[in-house]
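One structure is given below, encoded as structure tokens.
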Amino acid sequence: MAGVKGKSGGARQGAGRKKNPENEGAEFAGSTDGLTPVEVLEFFMHHAEVPVALRLKAAGLAAPFRHKKLGEGGKPSAGDADKPATSAKYGTRTRPGENTQH
């Protein structure tokens, strides 16, 4: 309402971000001083007083730091030169006639 005194500008009742009811009661008073972030996640994951939903979330967040994905080996290093390449993507190219071993 433009032009009406007290109705233009300022905070509105009910405006803003609503509180998430799932986060209520998620506070925990355990001591995590001196722990790394991954250790804190594992602490919450294994502690019995933490709600199950929070424990599952902590387990999901900590998993990539403790377990590799199946295809996450990277390129073979120089120390693996004596091993045959398993795919053509990382294998060494040879010219015709160079493959002969005497």
Please find the pair of heavy atoms, one from Leu41 and one from Ala58, that lie closest to each other, and give the distance. O-CB, 3.5 Å
Spell out, yes or no, whether Val40 and Met45 are grouped together once hydrophobic residues are joined by side-chain heavy atoms under 4.5 Å, including indirect joins. no
Interatomic distance, CG@Leu35 vs CZ@Phe44, rounded to 0.5 Å, equals 9.5 Å
The test is side-chain contact (heavy atoms from CB on, under 4.5 Å); show your working for His46 and Arg55 and say whether it passes. CA-CA 7 Å; His46 294 299; Arg55 292 173 70 182; 5.8 Å; no
